[in-house]
Amino acid sequence: MVLRILIVDDERLILMGLKACIEKIQDVDCQVRTAVNGKQAFEMLEIEPADLMITDVEMDGGTGLELIEKVRSRNLCRHFMILSGYDKFEYARTALRLGVEDYLLKPVDKDVLRKNISRIAKEKGKAGELELMKPYTVYFPHLTGDMVPPSLKKSVDFIEIGRASCRERV
């Protein structure tokens with residue numbers, strides 16, 4: 001499973017530093033893209049949505065908070081983190097209202113960043129497992145978030161093939 005991350009900051013040094021830090025995370029396979037402003041980020045997300053967007057608050061051409069609001073309204077990304085050199089309460093309050101996962105102050109604590117990314121990757125993995133289990137819940141409603149055993153998958157697939165062939169004959 002790949003975690004698609006978009007980093008948005010008008011400071012190229014910060015973009016490259018964060019990208020390098022994220023790509024070194026051992027337990028998560030990350031695909032990291034970067035954008036230098038909100039307009040570029042939004043255009044990139046329209047082409048390929050992300051699982052996580054990390055954005056600076058203050059950028060040329062608009063704020064990261066405005067970008068998050070726009071991206072969330074179009075459902076182009078599910079998780080958000082704010083990156084800021086400003087410790088302003090108003091930014092933090094707006095970020096909370098928008099459902100931002102974390103408000104990271106520059107310079108970024110790399111361990112906190114890594115832990116947050118690992119947590120989001122685990123959440124994405126659990127959501128994916130639940131999606132994979134949907135066809136099986138008809139037959140086995142007691143299933144939980146554990147992976148479906150291969151033998152069970154084969155049995156349900158066999159039943160589904162049989163049901164489909166019966167429908168075709170009718």
Side-chain angles (χ1 to χ4, degrees), residues 1-134 143-148:
M1 176 199 57
V2 175
L3 188 68
R4 298 167 302 162
I5 300 173
L6 178 63
I7 306 169
V8 188
D9 200 311
D10 54 358
E11 296 179 52
R12 288 199 186 272
L13 188 61
I14 294 199
L15 278 178
M16 296 303 107
L18 285 174
K19 185 175 191 263
C21 175
I22 292 168
E23 288 174 340
K24 289 179 184 174
I25 298 174
Q26 298 289 322
D27 58 337
V28 180
D29 185 15
C30 298
Q31 174 195 8
V32 184
R33 297 178 295 154
T34 61
V36 294
N37 59 47
K39 183 178 185 296
Q40 182 187 25
F42 189 76
E43 289 169 357
M44 290 172 75
L45 289 170
E46 283 186 305
I47 295 167
E48 183 182 354
D51 299 308
L52 169 63
M53 183 174 75
I54 303 170
T55 182
D56 191 7
V57 171
E58 299 260 335
M59 295 179 289
D60 294 334
T63 71
L65 297 169
E66 294 165 341
L67 175 61
I68 290 170
E69 200 162 23
K70 188 175 177 181
V71 167
R72 188 178 287 283
S73 73
R74 297 280 305 276
N75 202 27
L76 299 174
C77 186
R78 190 165 164 222
H79 300 276
F80 302 90
M81 287 187 209
I82 290 286
L83 182 64
S84 180
Y86 305 96
D87 191 8
K88 291 186 179 176
F89 175 73
E90 192 57 38
Y91 286 152
R93 181 168 54 182
T94 304
L96 282 172
R97 183 180 58 77
L98 292 172
V100 171
E101 313 251 343
D102 206 347
Y103 190 96
L104 305 169
L105 290 175
K106 295 178 186 176
V108 175
D109 181 331
K110 292 176 184 171
D111 289 332
V112 170
L113 178 65
R114 288 182 186 121
K115 284 178 186 172
N116 279 324
I117 289 173
S118 293
R119 179 184 49 77
I120 290 168
K122 285 178 186 166
E123 285 177 19
K124 181 185 177 194
K126 286 180 183 175
E129 287 174 13
L130 292 174
E131 193 64 32
L132 287 173
M133 288 174 42
K134 279 185 180 178
L143 285 177
T144 62
D146 300 324
M147 289 296 285
V148 177

Student: Measuring only between side-chain heavy atoms, which start at C-beta, is Ile7 closer than 4.5 Å to Arg33?
Tutor: no
Student: Side-chain contact, heavy-atom cut-off 4.5 Å: Ile5 with Asp51?
Tutor: no
Student: Side-chain contact test, heavy atoms from C-beta onward, threshold under 4.5 Å: evaluate it for Ile68 versus Thr55 and give yes or no.
Tutor: yes
Student: Can you sort out the partners of Gln40 under side chain to side chain donor-acceptor pair (under 3.5 Å), two or more places apart, ordered by chain and number?
Tutor: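 Not a single residue meets the side chain to side chain donor-acceptor pair (under 3.5 Å) criterion with Gln40.
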Student: Does Lys124 reach the main-chain N or O of Val2 with its side chain, forming a donor-acceptor pair under 3.5 Å?
Tutor: yes
Student: Could you grab the distance from atom CG of Leu18 to atom NZ of Lys106, nearest 0.5 Å is fine?
Tutor: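 The NZ atom of Lys106 is 8.5 Å from CG of Leu18, to the nearest 0.5 Å.
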Student: Does Asn75 have more than 12 heavy atoms from other residues, nucleotides or ligands lying within 6.0 Å of its CG?
Tutor: no
Student: Going by heavy atoms in the side chains, are Phe80 and Val71 under 4.5 Å from each other?
Tutor: yes
Student: If we only count heavy atoms from C-beta on, is the Ile117 to Arg114 side-chain gap below 4.5 Å?
Tutor: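 When only atoms from C-beta onward are counted, Arg114 and Ile117 do not touch, as no gap falls below 4.5 Å.
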Student: So does Leu104 get a backbone contact from the side chain of Asp102, meaning a donor-acceptor N/O pair under 3.5 Å?
Tutor: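 No: the side chain of Asp102 does not pair with the backbone of Leu104.
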Student: Rounded to the nearest 0.5 Å, what separates atom CG in Leu83 from atom CE in Met53?
Tutor: 11.5 Å
Student: Judged by atom type as modelled, is there a donor-acceptor pair below 3.5 Å linking the side chain of Arg78 to the main-chain atoms of Leu52?
Tutor: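 No; judged by distance alone, with no hydrogens or angles, the pair does not exist.
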Student: What's the separation between atom CE in Met44 and atom OG1 in Thr34, rounded to the nearest 0.5 Å?
Tutor: 6.0 Å
Student: Can you confirm whether the side chains of Asp60 and Asn37 place a donor and an acceptor under 3.5 Å from each other?
Tutor: no
Student: In terms of heavy-atom contacts, does NZ of Lys39 have more than 12 from other residues, nucleotides or ligands at under 6.0 Å?
Tutor: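 No.
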Student: Does a side-chain heavy-atom distance below 4.5 Å link Leu6 with Ile54?
Tutor: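 They are not in side-chain contact.
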Student: For Arg74, which of Glu46, Glu69, Glu43 qualifies under salt bridge (Lys or Arg N to Asp or Glu O under 4.0 Å)?
Tutor: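 Only one of Glu46, Glu69, Glu43 forms a salt bridge (Lys or Arg N to Asp or Glu O under 4.0 Å) with Arg74, namely Glu46.
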